Enquirer: 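Sharing a structure with you now.
Order of appearance sets the numbers: ligands from 1, and atoms from 1 within every ligand. All values derive from a computational prediction rather than experimental measurement.
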Amino acid sequence: MIPRMFICLLVSLATICDVWSEPFRQSLDGRWRLWNSNRSLALPARVPGCVHSALTQRGFIQDPYFRFNDLAHQWISLDNWTYVTTFAVSDRLRSAQKVLLILDGVDTAASVWLNGVLVGHADNMFRQYVFPVRELLEEEEEENVLRVDLLSPVLYANERRKAHWAYRVPPECPPDVQKGQCHVNFIRKEQSSFSWDWGPSFPTMGLWKGVRLEAFDAMRLVRFSAVPLRNASLSRWTVRVELLVEALRPARVDVTLAVPELSSQLTVTSQFLPGTTRHVFTLHVNTSSQVRLWWPSGLGERPSYRLLVTASSQDGLPLLHTESKVYFRTVDLVQEPIADSPGLSFYFRVNGRPVFLKGSNWIPAHAFQDQVTPDALKNLLQSAVDANMNALRVWGGGVYEQDVFYSMCDEMGLMVWQDFMFACATYPTDDDFINTVREEVIQQVWRLKSHPSVIVWSANNENEAALAGDWFHIPPSQRPTYLKDYVTLYVDNIRALVKEEDPSRPFLVSSPTNGAKSEQEGYVAGDPYDPHYGDTHFYSYLHDCWHWSTFPRTRFASEYGFQSWPSFSTLQPVSVPEDWSYSSSFSAHRQHHQDGNQQMLQQAAIHFHLPNSTDPLRRFKDTLYLTQVMQAQCVKTQTDFYRRSRSEIIDGKGHTMGALYWQLNDVWQAPSWSSIEFGGKWKMLHYFAQDFFADVLPVSFEDSDMLLIYAVSDLSGDIKVRAVVSVYTWSDADPVCTLKSQLLPVPGGSAVPVFKQPVAALLAGCGHCTRLTCLLSFRLEDGGGRQQGPSNHHFLCSPKDAQGLRRPNITAKVQESSEGLLVRLHSSAIAPFVWLDAGSLPGRFSSNGFLMLSRDKPVVFQPWRPTSVAELTTSLTITSLSDVYWP
Ligand code: BMA
């Protein structure tokens with residue numbers, strides 16, 4: 001991220017940098033004191049931090065995530081809390097012309113006092129607050145007292161609701177099953193912190209980002225951005241550099257911008273006027289330089305260039321020096337007519353090339369943001385890339401992520417669909433609210449717009465759909481009021497600001513939306529889920545998820561998914577033995593989606609026998625496993641469908657160009673739609689994603705008893721492949737027969753049918769196969785017989801009806817290898833959904849949840865901490881489908 005910076009001094013134009021020429025800051029992070037309103041609790045507290053974290057770290061409360069503690073700890077956010085620190089400042093700092101107190105993140109409703117004087121208020125956790133404090137600071141060596149009084153966010157939101165007496169702003173409260181707090185839409189804080197359908201209610205309070213003093217005599221850089229832009233008609237690049245400068249007196253300043261590697265440099269003389277002013281500079285990249293482009297993961301490299309920015313007084317004294325990384329790429333969102341289809345396309349073009357977005361939705365990685373470490377973020381983002389994802393949507397009910405999140409996405413090639421933080425609600429539009437949102441938007445857009453990974457802004461999550469579908473039962477007579485509020489907030493304010501601050505990338509008003517069509521309809525379309533336009537969210541828990549025909553053939557699937565439970569090793573530290581059953585009150589408590597636990601079993605029962613062990617613990621673990629099998633198979637089927645719909649238009653629908661399933665990560669240990677458990681352990685779905693997001697993929701489906709196999713390719717170049725289909729009986733690890741199709745061309749970025757045969761004919765030609773006794777495994781092969789992409793499989797019946805499936809009695813032998821610990825598996829029979837679980841030993845397997853069609857299979861375990869053959873051997877458990885049910 002761009003360092004915020006410099007303070008040197010220009011005392012006059014003939015000046016001296018007499019006191020300091022480097023940035024002068026004093027951090028106030030570290031150990032503060034914290035107490036509640038009646039001071040019955042007083043304790044040391046770290047900043048950045050929050051009340052819940054401080055109480056936990058000091059042993060005042062038990063782990064908030066343990067069992068039912070979210071309920072037991074509700075009192076915390078019903079109280080008001082005070083953070084206090086004392087500090088001395090040097091004479092040098094105090095004698096600066098201006099000293100600012102800068103709070104990078106206040107959560108949320110607060111008043112800030114320095115030495116007994118009120119310096120200001122805060123009401124928005126997504127803003128930085130800056131207060132001038134020079135006059136309030138004590139002499140050198142004297143103690144200054146900085147105090148931040150935080151109001152209970154729950155009571156504050158309630159008060160704001162009461163003050164908004166003219167009409168309600170629904171939903172007033174979350175559903176009872178979420179055990180949350182009401183009126184979160186009245187407070188600019190993480191919306192899911194008052195509970196969500198996958199998360200607990202922990203309305204946090206605290207100073208969740210840094211606090212510091214910043215001193216200067218002449219000027220300071222408030223904000224900085226560098227956005228490369230491509231002029232297509234001139235075929236050249238420029239870098240638009242913006243500086244927001246606060247100057248105390250007028251100054252003529254020489255600003256130099258340089259990208260040395262591209263031999264591009266610009267020096268201009270600018271007049272910096274007193275006050276805060278914006279300075280925009282355009283650096284033309286030398287046309288003879290070969291600019292290397294930033295590409296999303298899987299499509300190329302991501303070279304960065306160093307942009308140097310310096311400013312100096314006219315007699316050469318340095319005033320400013322900063323540098324940042326610049327990556328060159330273009331992005332467009334293409335919405336244009338498509339042949340044979342009503343509606344408009346909806347896809348992203350990066351560097352002129354259509355890109356299918358493959359990935360998931362990102363939610364906050366922890367209820368207490370101060371506990372989200374760069375390592376934890378890295379592990380999650382690396383897991384996304386390792387599962388062949390190229391995109392994540394930072395969902396609008398959480399937080400704008402940390403700087404390091406976006407830098408890592410830049411480096412890893414993960415494209416970010418960035419929502420503004422509004423979700424599943426209507427919002428007030430009174431002046432206070434709009435004004436704080438406006439400042440939030442300006443700050444966040446400036447902070448993030450230099451990142452190539454951010455490819456689209458989107459103003460909210462599902463709020464267009466909520467109005468269109470009348471989720472909140474708004475009487476028809478009042479509807480115009482809500483529509484007007486919607487347009488006021490997202491269009492007249494957020495959109496207008498973003499267009500002004502960052503015209504370099506597309507903007508959407510909502511997700512899901514019909515995009516351009518919604519705009520024509522006054523921003524709230526009759527049906528924002530129309531598959532002919534924009535993006536869709538689609539959830540259906542009880543329809544058989546193996547039937548692809550139930551899925552919308554959408555232009556872009558930005559949300560879809562199924563729940564599962566995390567593994568036992570993730571639940572164990574936050575539960576006790578009496579909790580370890582699917583019908584325990586703990587299992588009900590952690591489920592925040594109405595009927596979610598039942599829905600998982602109902603969906604699983606369509607194709608699988610439910611666990612029937614008489615040992616209660618075994619049965620619980622088997623049930624956790626089966627929910628993961630169900631989820632993995634459902635999301636795979638749906639994703640396969642979206643990927644094969646890339647090139648086709650059927651009944652006017654298709655050209656799908658995005659599959660972002662709901663959701664990547666978890667906020668706590670509970671059932672949810674995630675593919676990664678809290679703590680980083682991959683669920684079976686995440687292992688499946690590695691395959692179903694592979695660049696080259698064979699996909700099968702049946703259409704009226706016709707078996708079709710498509711070759712899907714996200715590669716740049718064309719390939720030639722054939723499908724190789726092997727037919728197995730459930731009872732034998734050797735294929736009964738193998739069929740091969742013609743070698744066919746598959747252009748880069750397309751999905752092409754490569755195999756077509758009636759199922760009946762295929763089975764008839766293959767021994768005594770029936771739908772119940774046989775299954776198919778298939779792969780793609782090039783002309784030289786080399787496999788392209790992962791293999792895939794096709795069940796001809798539900799596994800619960802399969803004839804010949806036996807218990808495989810899989811054994812494992814662990815040994816050291818150069819890549820990690822090698823697990824040699826041996827099976828006596830075909831085994832579906834083979835699941836290796838290393839318990840609480842952190843790490844991941846090279847492959848997992850697979851269909852074992854051979855007697856022997858090597859799998860590598862990569863540990864995330866030092867371990868040994870002995871430890872993995874002891875921790876390892878192996879489950880396959882037929883282990884969970886045996887009559
Ligand atoms: C979508 C999301 C979230 C929610 C998820 C699962 O609507 O936007 O609000 O968690 O579905 O219900």
Enquirer: Could you walk me through whether K189 and D107 pass the salt bridge (Lys or Arg N to Asp or Glu O under 4.0 Å) check?
Expert: CA-CA 7 Å; K189 111 185 226 75; D107 179 14; 2.7 Å; yes

Enquirer: Side chains of Q563 and Q591: any donor to acceptor distance under 3.5 Å?
Expert: yes

Enquirer: Using a strict 4.0 Å cut-off to heavy atoms of N461, name the atoms of ligand 1 that fall inside it.
Expert: 8 (O), 9 (O)

Enquirer: Are F422 and Y427 an aromatic pair by the rule of ring centers under 6.0 Å?
Expert: yes

Enquirer: Below 4.0 angstrom from a heavy atom of W198, which ligand 1 atoms are there? Numbered from 1 as shown, please.
Expert: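 Listed by number with element, the hits are 10 (O).
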
Enquirer: Does the side chain of E401 come under 3.5 Å of the side chain of W362 through a donor N or O and an acceptor N or O?
Expert: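 The criterion, which ignores hydrogens and geometry beyond distance, is satisfied for W362 and E401.
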
Enquirer: Taking only heavy atoms of W196 into account, list the atoms of ligand 1 that are under 4.0 Å away from them.
Expert: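 Here the atoms of ligand 1 in question are 3 (C), 4 (C), 9 (O), 10 (O).
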
Enquirer: Is the NZ or CZ atom of K636 both under 6.0 Å from the centre of the six-membered ring of F692 and within 45° of that ring's axis?
Expert: no

Enquirer: Is it the case that ligand 1 has an N or O less than 3.5 angstrom from some N or O of W395?
Expert: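 Among all N and O atoms of W395, at least one is under 3.5 Å from an N or O of ligand 1.
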
Enquirer: Looking at Y533, does the NZ or CZ of K517 lie under 6.0 angstrom from its six-membered ring centre and within 45 degrees of the ring axis?
Expert: yes

Enquirer: Parallel, tilted or perpendicular for H366 and F368, by the 30°/60° rule?
Expert: tilted

Enquirer: Heavy-atom contact under 4.0 Å between G397 and ligand 1?
Expert: no

Enquirer: In the protein, what heavy atom is nearest to atom 11 (O) of ligand 1, and what distance, to one decimal place, separates them?
Expert: Y539 OH, 3.2 Å

Enquirer: I need the nearest protein heavy-atom contact for atom 7 (O) of ligand 1: residue, atom name and distance, please.
Expert: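 Here the closest protein heavy atom is E462 OE2, 2.5 Å.
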
Enquirer: Which atoms of ligand 1 are found less than 4.0 Å from any heavy atom of C424?
Expert: 9 (O)

Enquirer: Quick one: nearest non-hydrogen protein atom to atom 4 (C) of ligand 1, plus distance?
Expert: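 Closest protein heavy atom to atom 4 (C) of ligand 1: D197 OD1, 3.5 Å.
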
Enquirer: Can you check which of E559, H592, R393 brings a heavy atom nearest to atom 2 (C) of ligand 1?
Expert: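 Looking at heavy atoms only, the winner is E559.
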
